[in-house]
Amino acid sequence: MALSGVIMPTIHAENINQIDKNQFNTDQYLNSLINRILELVNLERAKFNLNPLTLDEDLNSAAKIRSQEIQHLFDHKRPDGSEITTISSKIQGENIASAQPTAEQVMRDWMDSPSHRQNILTPEYTTLGVGYTMIENDLDIKYGTHYWVQLFGGIKESEPIKITMYQIGGLVVSSLNSNKTTLKWNSQNTFNANGFQIFKYNPSKKLYLLKK
């Protein structure tokens, strides 16, 4: 899935304090962090009357992998140079951060950054995955001890629009529900209009199928 137009920002922060590291090794603690991030995200979305996000297990699994990968390459590409959607095709947006020791702090930092905030408050997102990894301090660490990832998804692909009547000229087409759309040629010689493109045409029936 192409990620054009989806903002995938990053945040660095300073290490602030050291917490008992034994707690980070338990599934119970990791699950509490995931649920706390979800809660904080939905609190922010509720301020703008946006739908709450729900956890997606595939995105959670992908976010866990990404939280380990960004220790080695703090970027929105994977360490091998491939796109992050090679982990899961459900990924449509990503926030990453490092060094913040608590869910509350990383959420404050994300919300203080316009690009991260945009991901969190995108109305069309419906699902969320959260990843967190804590590693011991050593000489190889570049970005900090705590690594956080949010993965967003759930935007549904547009359903095809069936077009039957047409006129060559400005190529004005009339859809089945009587709405009208003007189609023009783009530089690649494919029809497009208002974000839609013709991906199938039946000349005998004069039937177009359009998708965004």
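All residue numbers refer to positions in the sequence shown, counting from 1.
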Practice item. Determine whether W148 and N95 make a side-chain contact, defined as any pair of heavy atoms from C-beta on separated by less than 4.5 Å. Key: no
Review point. Hey, are the side chains of M107 and V41 touching, using non-hydrogen atoms and a 4.5 Å cut-off?
Key: yes
**Study point:** Closest contact, heavy atoms only, T85 versus I91
**Key:** CG2-O, 3.6 Å
Revision key, fill the gap. Closest heavy-atom pair, E94 versus N119, reported as atoms and distance to 0.1 Å, is O-ND2, 3.3 Å
Review point. Say you draw a straight line from CD1 of I70 to CD of Q68; how long is it, rounded to the nearest 0.5 Å?
Key: 10.0 Å
Review point. Looking only at heavy atoms, which two atoms of V149 and I96 are closest? And how far apart?
Key: CG2-CG2, 4.0 Å
Review point. Side chains of D109 and Q100: do they bring a donor and an acceptor to under 3.5 Å?
Key: yes
Practice item. Find out whether L38 and L128 are in side-chain contact, i.e. whether some heavy atom of one side chain is under 4.5 Å from a heavy atom of the other. Key: yes
**Study point:** Residues which pass salt bridge (charged side-chain N to carboxylate O under 4.0 Å, His left out) with E124, listed by chain and number, not counting sequence neighbours
**Key:** none
**Study point:** Worked verdict on I87 versus L151 for side chain to side chain contact (heavy atoms under 4.5 Å, CB included)
**Key:** CA-CA 11 Å; I87 305 176; L151 295 178; over 6 Å; no
Exercise for review: Give the intermediate values and the outcome of side chain to side chain contact (heavy atoms under 4.5 Å, CB included) for residues V130 and N60.
Suggested key: CA-CA 5 Å; V130 180; N60 271 347; 4.3 Å; yes
Check your understanding: Any idea which heavy atoms bring L73 and P79 closest together, and the distance?
Key -> CD2-CA, 3.9 Å
Practice item. Would you confirm whether Y147, through its side chain, and G131, through its main-chain N or O, come within 3.5 Å as a donor-acceptor pair? Key: no
**Study point:** L50/E44 under side chain to side chain contact (heavy atoms under 4.5 Å, CB included): CA gap, chis, key distance, verdict
**Key:** CA-CA 9 Å; L50 300 176; E44 295 295 342; over 6 Å; no
**Study point:** All side-chain contact (heavy atoms from CB on, under 4.5 Å) counterparts of T86, not counting sequence neighbours
**Key:** R78, S82
Practice item. Report the residues that fulfil side-chain hydrogen bond (donor to acceptor under 3.5 Å, both in side chains) with N51, sequence neighbours left out, ordered by chain and then residue number. Key: R45
Check your understanding: Roughly how far, to the nearest 0.5 Å, is the CD atom of Q92 from the CG atom of L59?
Key -> 8.5 Å
Check your understanding: Can L55 and I34 be said to form a side chain to side chain contact (heavy atoms under 4.5 Å, CB included), step by step?
Key -> CA-CA 9 Å; L55 290 176; I34 290 171; 3.7 Å; yes
Check your understanding: Is any side-chain heavy atom of T126 less than 4.5 Å from a side-chain heavy atom of T54?
Key -> no
Point to revise | Minimum side-chain heavy-atom gap I120-Q150 below 4.5 Å | key: yes
Review point. Could you give the distance from OH (Y125) to CD1 (I155), rounded to the nearest 0.5 Å?
Key: 5.0 Å
Exercise for review: State which residues pass side-chain hydrogen bond (donor to acceptor under 3.5 Å, both in side chains) with S88; sequence neighbours excluded, sorted by chain then number.
Suggested key: none
Review point. What heavy-atom pair brings S98 and F74 nearest, and what distance separates the two atoms?
Key: CB-CE1, 3.6 Å
Review point. Taking T127 for the side chain and G153 for the main chain, is one N or O donor matched with an acceptor at less than 3.5 Å?
Key: yes
Practice item. Could I get the full list of side-chain contact (heavy atoms from CB on, under 4.5 Å) partners for E39, not counting sequence neighbours? Key: R36, L43
Practice item. Taking all non-hydrogen atoms of both residues into account, name the closest pair between T133 and I135 and its distance. Key: CG2-CG2, 3.9 Å
Exercise for review: May I ask you to decide if the ring planes of Y29 and Y132 are parallel, tilted or perpendicular, using 30° and 60° as cut-offs?
Suggested key: perpendicular
Revision key, fill the gap. Sequence neighbours excluded, the answer for side-chain hydrogen bond (donor to acceptor under 3.5 Å, both in side chains) partners of D56 is K90
**Study point:** Separation between CD of Q105 and NE2 of H146, rounded to the nearest 0.5 Å
**Key:** 9.0 Å
